[in-house]
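Below is one structure, written out as structure tokens, with a few remarks after it.
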Amino acid sequence: MMMNISTKQFGLTRLVVALLALTSLLSACKKETSTQKAFREHEEAQKIIDDAEIQDYFTRHNINSSKYQRLESGVYLVDADTVANGTGPNVVSGQTVQVKYTGRFIKASREDVIFDQSFGNRTLCQCFEVLVDQSAVIKGWHEAIKNMKLGTRKRVFIPSYMAYGPTGSALIPADEPLMFYMEISKVK
């Protein structure tokens with residue numbers, strides 16, 4: 001009988017040692033690497049820069065705070081030139097929407113440049129279809145779309161960290177805040 005208790009204690013001791021080792025290993029995985037830290041610090045600094053650039057655009061175009069809504073994510077929704085607030089409930093995660101859009105830069109030196117648009121994209125609707133929170137579009141689009149309804153037209157200002165970030169893309173420079181004229185033309 002004594003041998004059986006010792007065997008159980010030995011097995012329990014081995015289990016505790018294994019769990020401690022696993023806990024130590026997992027906590028080491030949670031530590032921030034120098035690359036992760038640099039990326040996080042860059043993003044925090046960029047949030048301030050992007051917000052200043054968006055506010056500069058608003059100042060140049062006489063867009064006062066009564067005309068826009070700033071989401072917690074840093075995305076701004078501005079009433080379009082021809083206001084259309086849409087009908088029905090806001091779009092939710094998992095719905096498919098058709099979006100008509102034109103994408104522009106907001107920096108003064110390039111604000112007239114259209115870098116992308118749905119018009120002329122060879123679809124009958126002249127739109128782009130998005131599965132909310134699942135399609136491979138920039139995060140800012142998902143945030144904006146979930147704050148819109150069928151028929152809503154808005155100018156959407158997306159900070160770089162919610163767009164293409166520090167790497168940019170083939171058409172978008174790194175750390176570039178963007179503006180989209182967006183209209184929700186269909187919700188499925």
Original post:
Out of curiosity, His61 NE2 to Asp56 CG, how far, rounded to the nearest 0.5 Å?
Top reply: 8.5 Å

Subject >> Non-hydrogen side-chain atoms of Val99 and Trp141 separated by less than 4.5 Å >> reply: yes

Subject >> Nearest non-hydrogen partners of Val78 and Tyr68, listed with the distance >> reply: CG2-CB, 3.6 Å

Original post:
Taking the six-membered ring for Trp, are the ring centroids of Tyr181 and Tyr101 within less than 6.0 Å of each other?
Top reply: no

**OP:** Could you please spell out the steps behind the side-chain contact (heavy atoms from CB on, under 4.5 Å) verdict for Glu129 and Val97?
**Re:** CA-CA 6 Å; Glu129 202 163 89; Val97 297; over 6 Å; no

Original post:
Would you say the side-chain atoms of Ser135 pair up with the backbone N or O of Leu131, donor to acceptor, closer than 3.5 Å?
Top reply: yes

**OP:** Might you confirm whether atom NZ of Lys67 has over 12 heavy atoms from other residues, nucleotides or ligands at distances under 6.0 Å?
**Re:** no

Subject >> Verdict with supporting geometry, Phe157 and Leu178, side-chain contact (heavy atoms from CB on, under 4.5 Å) >> reply: CA-CA 6 Å; Phe157 292 80; Leu178 306 170; over 6 Å; no

Original post:
How long is the span from the CZ atom in Arg122 to the CG atom in Leu124, to the nearest 0.5 Å?
Top reply: 13.5 Å

**OP:** Would you check, one step at a time, whether the test side-chain contact (heavy atoms from CB on, under 4.5 Å) holds for Gln95 with Lys188?
**Re:** CA-CA 6 Å; Gln95 287 185 304; Lys188 301 179 194 177; over 6 Å; no

**OP:** Evaluate the criterion salt bridge (charged side-chain N to carboxylate O under 4.0 Å, His left out) for residue pair Arg104 and Glu111; output intermediate values, then yes/no.
**Re:** CA-CA 6 Å; Arg104 293 180 179 267; Glu111 73 179 42; over 6 Å; no

Original post:
When rounded to the nearest 0.5 angstrom, what is the spacing between CD1 in Ile184 and CD1 in Ile145?
Top reply: 5.0 Å

Original post:
Is there a side-chain contact between Lys139 and Val75 (heavy atoms, below 4.5 Å)?
Top reply: no

**OP:** Is it possible for you to say whether Leu171 and Ile158 belong to one hydrophobic cluster, with membership spreading through side-chain heavy-atom contacts below 4.5 Å?
**Re:** yes

**OP:** Run through Arg155, Gln69, Lys154 and flag the one making a side chain to side chain donor-acceptor pair (under 3.5 Å) with Asp79.
**Re:** Lys154

Subject >> Evaluation steps, side-chain contact (heavy atoms from CB on, under 4.5 Å), between Met182 and Met148 >> reply: CA-CA 10 Å; Met182 296 175 74; Met148 297 171 79; 4.2 Å; yes

Original post:
Is it true that Arg70 and Asp51 make a salt bridge, defined as a side-chain N closer than 4.0 Å to a carboxylate O?
Top reply: yes

**OP:** Grab the two heavy atoms, one from Ile172 and one from Glu176, that are nearest each other, plus how far apart they are.
**Re:** CG2-CB, 3.9 Å

Original post:
Between Lys47 and Glu44, is there a side-chain N and carboxylate O pair less than 4.0 Å apart?
Top reply: yes

Subject >> Transitive ILVMFWY side-chain link Tyr57 to Val113, under 4.5 Å >> reply: no

Subject >> Reported CG-to-CG distance for the pair Leu77 and Leu71, which is rounded to 0.5 angstrom >> reply: 4.5 Å

Original post:
How long is the span from the CD1 atom in Ile138 to the OH atom in Tyr164, to the nearest 0.5 Å?
Top reply: 5.0 Å

Original post:
Is Lys100 close enough and on-axis enough to Phe119, meaning under 6.0 Å and within 45°, for cation-pi?
Top reply: no

Original post:
Crowded around Lys107 NZ? As in, over 12 foreign heavy atoms under 6.0 Å?
Top reply: yes

Original post:
Does Ile63 belong to the same Ile/Leu/Val/Met/Phe/Trp/Tyr cluster as Phe180, with side-chain heavy atoms less than 4.5 Å apart forming each link?
Top reply: no

Original post:
Do you know which two heavy atoms are closest between Pro166 and Phe39, and how far apart they sit?
Top reply: CG-CE1, 3.5 Å

**OP:** Ignoring hydrogens and angles, tell me if any N or O in the side chain of Glu43 forms a donor-acceptor pair with the backbone of Tyr161 under 3.5 Å.
**Re:** no

Original post:
Has the side chain of Ser160 got a donor or acceptor atom that lies under 3.5 Å from a matching backbone atom of Ala163?
Top reply: no

Original post:
Would a distance-only check, ignoring hydrogens and angles, find a side-chain to backbone donor-acceptor pair under 3.5 Å from Asp133 to Ser93?
Top reply: no

Subject >> Verdict with supporting geometry, Tyr76 and Gln55, side-chain hydrogen bond (donor to acceptor under 3.5 Å, both in side chains) >> reply: CA-CA 10 Å; Tyr76 286 84; Gln55 290 297 322; 3.1 Å; yes

**OP:** Would you please say whether a donor-acceptor pair under 3.5 Å links the side chains of His142 and Gln134?
**Re:** no

**OP:** Would you indicate whether the side-chain heavy atoms of Lys146 and Val132 approach each other to under 4.5 Å?
**Re:** yes

Subject >> Heavy-atom closest contact (Ser118 atom, Phe128 atom, distance) >> reply: CB-N, 4.3 Å

Subject >> Main-chain N/O of Phe58 paired to Asn62 side chain as donor or acceptor, under 3.5 Å >> reply: no

**OP:** Inspect the surroundings of NZ in Lys149 and state if more than 12 heavy atoms from other residues, nucleotides or ligands are less than 6.0 Å away.
**Re:** yes

